[in-house]
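Residue numbers begin at 1 in each chain, while the letters A, B, ... track the order of the sequences.
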Number of protein chains: 2
Amino acid sequence: MNMIIIGFGNVGQSLAEMLELRAPELRERYGLKVNVVAIVDRGGAALSEAGISLSEAVKAKRFRGSVSTMRGLGRPQLSALEVLEEVDGDIVIEVTSTSLETGEPGLTHIKKAISSKKHVVTTSKGALAQMLPDLIELANKNDVSLMFSGAVGGAMPILDFAKMCLRGEKVESLRGVLNGTTNYILWRMAERRIGLSQAVREAQELGYAEENVSYDLNGLDTACKLVILANWVINRRVSLKDVETRGIEELSLEEVLKAKEEGFAVRLIGSIKENLRVRPERVSLRDPLCVDSSLNAVVFTCRYSGQHVLIGRGAGGKETASAVIRDVLTIAQGFGWASSPKDVLNVNPKSVWATP
Amino acid sequence: MNMIIIGFGNVGQSLAEMLELRAPELRERYGLKVNVVAIVDRGGAALSEAGISLSEAVKAKRFRGSVSTMRGLGRPQLSALEVLEEVDGDIVIEVTSTSLETGEPGLTHIKKAISSKKHVVTTSKGALAQMLPDLIELANKNDVSLMFSGAVGGAMPILDFAKMCLRGEKVESLRGVLNGTTNYILWRMAERRIGLSQAVREAQELGYAEENVSYDLNGLDTACKLVILANWVINRRVSLKDVETRGIEELSLEEVLKAKEEGFAVRLIGSIKENLRVRPERVSLRDPLCVDSSLNAVVFTCRYSGQHVLIGRGAGGKETASAVIRDVLTIAQGFGWASSPKDVLNVNPKSVWATP
């Protein structure tokens, strides 16, 4: 399976490292051989039909700033769109850092990849929040797959859970902690009795937050995830402007500590009921949404089977990369690049696990 | 889709009621028309090629003890095996109350149904714990599907989650509260400071426990679920004798209250690590397994994506029936009796959601 990776930041590099680490296992267990034929970052691209050494690519990026510095393979200035035009790939991994307001550059990359009949796995919340229904339609028209597990929930398979495991259910409402960075910050504020800005710095030092935390703090990251969930899971055609969004920027240490004294914790909650809403809320310590550290949590309330709670690791490059690999494997199995492991019990492949 | 229901206790009747309630929705949204052509209980069977009225069947069972009393349709003494022999059905729902030690009568019913090329949805923990790998092999050989979501976790889709949502992962260990009845009992003992036998009576009066609670209390129910999870999810060929099982029969109110004083709760925990083990354990109040009432909870620890927690409604006829309907819908979609809802976003049906 020939892969093009667009975007080589935290997630892209974690993906490269994990693909290299897991290569023997993916080959032996699933018969899947991933051949990365192109990597694109802001400085240009690296191309190789024979396959790029992923550890070399990570080194080039870390020590010399761009994969385009790779000897023999580097193509400084070559853009993602040019690569998508020129390079023959089966699957495109779109993991650029994309504006949540415009969805770019992810949106253009995804459309271009799909139009050139390549499968796409993306983590681009911005692009998906802008036009998920159109992208799905485009993918179906071009007979390729579009998957985006890593866009919501990080390592935690929220989207697959809702789509596959709640088959035939009606999700009536949803509440969740969908941003690991702010959860870490809120948790630390209460635990260590420190103000917002200090907690942000700590989170950045420990790798729980990126340098730019404004999308986390102002709630827009959570709002994008809500829009994706609403469209994909609850079948509501909404967009960002439909989300009433308030972040934690103005939350004082006082409020956090007062809540704590009264037996509550403050968490940034995204909810879908009649309305879509993001705001800091008090939750009781026994509430399943009262998760610690950078965890994510979601409560689905369903018509027939009641409430389902899912808790897992939301943030982080490795976590998101693990979701990307899950999607890659799903597509690889669906299109014949990978098989089911032989040693595993499975019912009739051609029968079950139909599209929900 | 012609359905045969074998076993008409709590789950069977809940299923019948839910199928009737949801008939318009299943037809409109999924194009699925379920026609129940046979129901079997201990007193005999009711048969009708044109379809049995499900509310009439429930009435016959509740007020006259058996569906075989239904006017015109009743066949007193007709056995499940005879029905499976005589009646042409597409899918068999096996929801008898089955011995956890021998797996019978469920095991015989399931084998017979599969051998006669009928799809099977079952909740029979006993049969599955006895010989899940053989039953899967038999189903694959006969080109039919075997699904059993309701056997573990009630309404909570533990098995689908592990199979579909953790694709490509390695589940390294698992811990869970898998028996809602004992969880309710343990919770009430601590909350109301009452002894085991009083808590059992209360649970029975409120419908959280069946009349026979020995499988719940002695841990065998949890042990069966562990065996199913180990075989299906973790790929370990183990059976009941491999589970070190201790129940809550000898747990005193004193122990429960002492734990509470020290900031813990006692829960009946099933775990799979090097060994399979069922036993009452102390868990901290912030532990995700410290769920209240009759909830179930599971923590999967995975090699790449860390811990995933799932919490949901474990016990109850309605809850289990909702899992059965989920399986029925999966099979119906896979084999063309039902479609995906048209108003829902979905990627290319023929591409994604391949067998994990």
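Rounding to the nearest 0.5 Å gives a distance of 8.5 Å between CZ of B:Arg22 and CZ of A:Arg303. How far OH of A:Tyr304 is from CD of B:Glu25: 3.5 Å, rounded to the nearest 0.5 Å. To the nearest 0.5 Å, the span separating CG on A:Leu285 from CG on B:Leu285 amounts to 10.5 Å. Atom NE2 of B:His308 sits about 9.0 Å away from atom CE of A:Met156, to the nearest 0.5 Å.
In this structure, the portions of B:Cys290 lying under 4.5 Å from any heavy atom of chain A include both its backbone and its side chain. Contact annotation for B:Ser322: only side-chain heavy atoms (C-beta onward) come within less than 4.5 Å of a heavy atom of chain A. In this structure, no portion of B:Asp327 lies under 4.5 Å from any heavy atom of chain A.
With contacts defined as side-chain heavy-atom distances shorter than 4.5 Å, the pair B:Pro157/A:Arg167 does not qualify. Using a 4.5 Å heavy-atom cutoff, the side chains of B:Leu295 and A:Gln307 are not in contact. The shortest distance between side-chain heavy atoms of A:Arg237 and B:Leu345 falls below 4.5 Å. Using a 4.5 Å heavy-atom threshold, the side chains of A:Arg286 and B:Asp292 count as touching.
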Pair B:Leu310-A:Leu310, side chain to side chain contact (heavy atoms under 4.5 Å, CB included): steps then yes or no: CA-CA 5 Å; B:Leu310 210 59; A:Leu310 209 58; 2.7 Å; yes

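No more than 12 heavy-atom neighbours from other residues, nucleotides or ligands sit within 6.0 angstrom of CD on B:Glu137. Around the NZ atom of B:Lys318, the shell of radius 6.0 Å holds no more than 12 heavy atoms that belong to other residues, nucleotides or ligands.
Heavy-atom pairs under 4.5 Å with chain A peak, among B:Ser149, B:Gly312, B:Gly168, at B:Gly168. For chain B, the option among A:Ala297, A:Ala155, A:Gly316, A:Cys165 with the highest count of heavy-atom pairs below 4.5 Å is A:Cys165.
With hydrogens and angles ignored, the 3.5 Å screen pairs a side-chain donor or acceptor of B:Asn140 with a backbone N or O of A:Asn346.
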